[in-house]
Amino acid sequence: SKQLAVEEAAMKDIESKINQTSEHWEARIHNTKEEIQRTRDLQSELTSQLAMLVKKSELVAQRDGTMSAFMMEKMTFDHENEVYENLVTEKSSAIDLLERLEVQKEEEERRRCLLSDVAERCGQRGVQAFVLQNVVHTLQQVAQVYLDELSDGGQILELFLESGEKIIRNAFVRGPDGEFKQRPLSTLSGGQWRRCSIALSFAFSELLAKRGRLRSSLLVLDEPLTHLDRSGRGKFGEVVKKMVHPPLQSEYAFHGLRVSTVVLILQDLAAEELEEAFDRMDTVVREDGGSYVKLDGAKQL
């Protein structure tokens, strides 16, 4: 029993040591676990910080790349802006040069036209054109006097000299409203055209008489009343009568065309209408294969 007591005591001592050792190792294991957990937490925190550092490093690298790209774009923009400003300056200079060239061109064109005009006017053809222009102007003025008489102021004939010594003719006819309107010569009626033709013929004869200092006593007209109505024929008779017997006071004086005898070749109807315009009219009559002259209505063989 004594041996058993010793063994029990030994067993208790062993159990006590085992319990102490177990508690010790459990404490150490617990501490080790806590240390491992703290190490894990620290590792996790360090990993998180490392990830943040990596992300920050990526952001910094991205920022640096963006900044570098921005600087490159800025340099490109500055270069292109400088090129643009140079082009604007060159454009402005080119516009100024073009304007100066246009002014010089206009000045040269004006000088060329002036020299050409001087050469044309001072040359042989220029002098001829100048003389012809004055003649045409005078012809228009004189013809208008006759045309006013023939048309009772209802027509205007305009003549002017174009380059190349071409005479341009424009006709104006008074409308129902009293205003003159330009009409192409081809659209004039037969009577209007005949009035212009007679006026020009009389004006040309008067101009020759004035400038050539000619005096003609005879005026011969062959069928001048074609296309004229009764009023037109009456006006024509009044004009011819003024040539033979110019009135003492008249608004229209035909100084360059005065005759003592007018020979008209007319049809019977036109001749009868003209009798009112003259104090006397001698008529040549063809009858039965012969001819005779009526003087103041008397039959003469």
Side-chain angles (χ1 to χ4, degrees), residues 117 120-122 125-175 177-222 224-229 231-260 262 264 277:
D117 186 56
E120 182 178 353
R121 291 183 181 275
C122 294
R125 292 179 59 84
V127 175
Q128 292 176 355
F130 178 74
V131 174
L132 182 58
Q133 184 176 7
N134 289 337
V135 172
V136 171
H137 179 68
T138 305
L139 183 64
Q140 175 189 333
Q141 290 181 325
V142 178
Q144 189 60 48
V145 173
Y146 288 103
L147 188 57
D148 287 340
E149 285 275 317
L150 294 170
S151 66
D152 199 17
Q155 290 181 236
I156 294 177
L157 181 62
E158 182 181 76
L159 304 176
F160 64 92
L161 190 64
E162 197 181 42
S163 60
E165 302 180 0
K166 180 181 179 181
I167 299 177
I168 303 300
R169 298 171 295 176
N170 294 324
F172 298 84
V173 179
R174 180 157 48 194
D177 57 356
E179 298 292 332
F180 283 94
K181 296 182 180 179
Q182 185 173 359
R183 293 268 302 276
L185 295 178
S186 59
T187 64
L188 293 179
S189 66
Q192 291 169 341
W193 175 258
R194 174 58 66 182
R195 290 184 180 92
C196 292
S197 176
I198 293 173
L200 279 174
S201 297
F202 286 164
F204 187 72
S205 299
E206 181 174 333
L207 190 62
L208 287 178
K210 284 183 177 180
R211 302 212 170 191
R213 297 180 180 180
L214 302 175
R215 287 293 180 182
S216 175
S217 60
L218 179 64
L219 176 63
V220 180
L221 299 170
D222 184 11
L225 304 183
T226 306
H227 301 303
L228 289 180
D229 56 12
S231 174
R233 292 192 288 269
K235 290 293 183 181
F236 172 82
E238 294 176 6
V239 170
V240 174
K241 185 176 181 180
K242 289 178 182 179
M243 295 179 188
V244 179
H245 302 293
L248 297 178
Q249 294 180 352
S250 176
E251 182 179 356
Y252 303 103
F254 309 133
H255 300 298
L257 194 58
R258 289 184 180 179
V259 295
S260 59
V262 177
L264 299 179

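- Separation of atoms CZ (Arg194) and CG (Asp229) is listed at 13.0 Å; rounding is to 0.5 Å.
- Taking OG of Ser205 as the reference point, atom CG of Leu219 lies at 7.0 Å (rounded to 0.5 Å).
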Hey, mind stepping through Leu200 and Leu157 against side-chain contact (heavy atoms from CB on, under 4.5 Å) and telling me if it holds? CA-CA 9 Å; Leu200 279 174; Leu157 181 62; 3.6 Å; yes
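- Residue Cys196 holds its SG atom at 9.5 Å from CG of Leu150, rounded to the nearest 0.5 Å.
- A donor-acceptor contact shorter than 3.5 Å is absent between the side chain of Gln144 and the backbone of Ala199.
- Summarising the geometry, atom CZ belonging to Phe202 is positioned 4.5 Å from atom CZ belonging to Phe236; distances are rounded to the nearest 0.5 Å.
- Of the candidates Glu158, Glu179, Gln155, Lys181, Glu158 is the only one forming a side-chain contact (heavy atoms from CB on, under 4.5 Å) with Phe172.
- Among all heavy-atom pairs drawn from Leu188 and Arg183, the shortest one is CA-NH2, 3.9 Å.
- The backbone N or O of Leu159 lies less than 3.5 Å from a partner atom in the side chain of Gln140, making a donor-acceptor pair.
- One finds the CD1 atom of Ile198 at 14.0 Å from the NZ atom of Lys235 (value rounded to the nearest 0.5 Å).
- A donor-acceptor contact shorter than 3.5 Å links the side chain of Arg233 to the backbone of Leu228.
- At least one donor-acceptor pair closer than 3.5 Å links the side chain of Arg174 to the backbone N or O of Gly153.
- Put simply, the side chain of Ser217 never gets that close to the backbone of Ser260: no donor and acceptor are under 3.5 Å apart.
- For Thr138, the side chain to side chain contact (heavy atoms under 4.5 Å, CB included) criterion is met by Val142, Leu207, Arg211, not counting sequence neighbours.
- The shortest non-hydrogen separation linking Lys242 to Glu149 is NZ-OE1, 2.9 Å.
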For Val173 and Phe180, what are the C-alpha separation, side-chain angles and deciding distance, and is it a side-chain contact (heavy atoms from CB on, under 4.5 Å)? CA-CA 5 Å; Val173 179; Phe180 283 94; 5.8 Å; no
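- Expressed to the nearest 0.5 Å, how far CD of Gln192 lies from CG of Leu147 amounts to 10.0 Å.
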